[in-house]
Trainee: 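Below you will find the structure I want to go over with you.
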Amino acid sequence: MDKILIIGACGQLGTELTLKLRAMKGRDSVVATDLQNEPPKIVGDGPYEPLNILDSDRFHEILSTHDIKEVYHLAAILSAKGEDNPKFAWKLNMESLLTVLEAGRNKVKKIYWPSSIAVFGKDTPKENVPQKTIMNPDTVYGISKLAGERWCEYYFQKYGVDVRSLRYPGLIGYKAMPGGGTTDYAVHVFHKAIARESYECFIEEGTVLPMMYMEDAVRATIELMEAPIDQVKVRSSYNLAAMSFSPMSITTEIRKHYPDFKITFVPDYRQKIANSWPASIDDSEARADWGWRHEYGLPELVETMIGHLKDTIVVS
Ligand code: NAD
Ligand code: AKB
């Protein structure tokens, strides 16, 4: 079996993708890497190498040592954190992608690199955003994701690099905390409700954004990576969708389980980012090309998140 390398394996998505790929392909077939010297316990069961992906010599050393054939490159600075240090966000998000794409011209046979709804901006239609539309992102994160999509298509067209990509909505899971995005509120809100604490939400109550339960996102990723090559027709990045909701609509759903849950809305700089993103996405090309189907809507998401978190969070 071809060996897989995951870059950014200890993050919100990487944790769950590493666990799923190891369960499917065997723990020794999946080498997890991230900045830290030791992985957290949850991803600890299998090979792990510390890697700063800006160190391309170290990346190539790991590729050779483990004879890696597939790379999932997840390391990035996300939308909110990116605005603190735009130059560094650009450097990490772009340099690392080019390092990985170059490896795709040699030994690596297949690459996965995620894009985001952040590629869209305030000139993009708000509802049912089609695959091809006006983009004009407003954040350094969105600009880097859009440029990244262009690089992916370029490396596919020019060098035949088999790089595949999805434009994820906000991802919500219970195994790892989010790492500096605008949609992070949709994870934090569960932790507060279950701890019986009130939550001060940094996004306005009525702002609707596209979202997805992590299990759907991980399944979409693996399905795209395992699709026959002739079914992968979009070589920039596929639109991907499951549900859309606002802070108030997720609160209403959570209150079915925790009727006393209190939330206040104190928008900060992340509101402007949220305002620039669409409310809903048309993912019909992913559905037609490689059979994408989401499984979780808002009620299923809320029930599943609470079901998993309620025994692990201390009630205050
Ligand atoms: P995260 O911030 O939780 O995880 C990123 C990981 O990358 C972290 O563990 C971090 O330590 C690691 N990392 C940072 N700098 C690194 C470096 N120089 N070298 C190696 N590793 C480094 O992010 P995430 O939410 O897991 O996102 C993963 C990918 O999915 C990103 O590319 C992100 O843009 C994309 N994405 C995520 C979401 C979401 O809602 N989580 C939505 C759309 C797209
Ligand atoms: C963020 O909010 O930055 C991410 C994303 C949608 O890319 N969750």
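For ligands, and for the atoms within them, numbers begin at 1 and follow the listed sequence.
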Trainee: Is the contact between Ile117 and ligand 1 made by the side chain, the backbone, both, or neither, using heavy atoms and a 4.0 Å cut-off?
Mentor: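 Answer for Ile117: neither.
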
Trainee: Only heavy atoms count here, so choose which of Pro50, Pro114, Ala75 is nearest to atom 35 (C) of ligand 1.
Mentor: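 Going through Pro50, Pro114, Ala75 one by one, Pro114 has the nearest heavy atom to atom 35 (C) of ligand 1.
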
Trainee: Should the pair Glu197-Lys192 be classified as a salt bridge under the 4.0 Å nitrogen-to-oxygen rule?
Mentor: yes

Trainee: What atoms of ligand 1 come closer than 4.0 angstrom to any heavy atom of Leu13?
Mentor: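 Counting atoms of ligand 1 from 1, those under 4.0 Å from Leu13 are 24 (P), 26 (O), 30 (O).
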
Trainee: Does Ile77 approach ligand 1 within less than 4.0 angstrom via side chain, backbone, both or neither, non-hydrogen atoms only?
Mentor: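 For Ile77, no heavy atom sits under 4.0 Å from ligand 1.
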
Trainee: Indicate yes or no: does an N/O atom of His73 lie under 3.5 Å from an N/O atom of ligand 1?
Mentor: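 In this structure, His73 places no N or O atom under 3.5 Å from an N or O of ligand 1.
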
Trainee: So which bit of Tyr141 gets within less than 4.0 Å of ligand 1, heavy atoms only: side chain, backbone, both or neither?
Mentor: side chain

Trainee: At a non-hydrogen distance cut-off of under 4.0 Å, which region of Pro169 contacts ligand 1 (side chain, backbone, both, or neither)?
Mentor: backbone

Trainee: Please walk me through it: do Lys3 and Asp67 pass salt bridge (charged side-chain N to carboxylate O under 4.0 Å, His left out)?
Mentor: CA-CA 7 Å; Lys3 275 181 112 179; Asp67 194 22; over 6 Å; no

Trainee: Below the 3.5 angstrom mark, is there an N/O of Tyr168, backbone or side chain, next to an N/O of ligand 1?
Mentor: no

Trainee: Is the side chain of Gln131 donor-acceptor paired with the backbone N or O of Ser237 at a distance under 3.5 Å, no angle test?
Mentor: yes

Trainee: So Trp290 and Tyr238, ring pair (Phe, Tyr, Trp, His ring centres under 6.0 Å) or not? Walk me through it.
Mentor: CA-CA 11 Å; Trp290 45 275; Tyr238 274 100; 5.7 Å; yes

Trainee: State whether the shortest distance between N or O atoms of Asp184 and N or O atoms of ligand 2 falls below 3.5 angstrom.
Mentor: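 Between Asp184 and ligand 2 (N or O atoms, distance only) the closest approach is not under 3.5 Å.
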
Trainee: Among all the protein's non-hydrogen atoms, which is closest to atom 28 (C) of ligand 1, and how far away is it?
Mentor: Leu74 O, 3.3 Å

Trainee: Is there a polar contact between ligand 2 and Tyr168, counting only N or O atoms under 3.5 Å apart?
Mentor: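 No, there is no polar N/O contact under 3.5 Å.
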
Trainee: Under 30°, 30 to 60°, or over 60°: which ring-plane class applies to Trp151 and Tyr154, parallel, tilted or perpendicular?
Mentor: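 If you compare the ring of Trp151 with that of Tyr154, the planes turn out perpendicular.
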
Trainee: Backbone, side chain, both or neither: what part of Ser115 comes under 4.0 angstrom of ligand 1, heavy atoms only?
Mentor: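 Backbone only.
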
Trainee: Looking at Ser116, which atoms of ligand 1 are within less than 4.0 Å of one of its heavy atoms?
Mentor: 43 (C), 44 (C)

Trainee: Looking only at non-hydrogen atoms, which of Met214, Lys91, Lys145, Arg58 approaches atom 32 (O) of ligand 1 most closely?
Mentor: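 The residue whose heavy atom sits nearest atom 32 (O) of ligand 1 is Lys145.
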
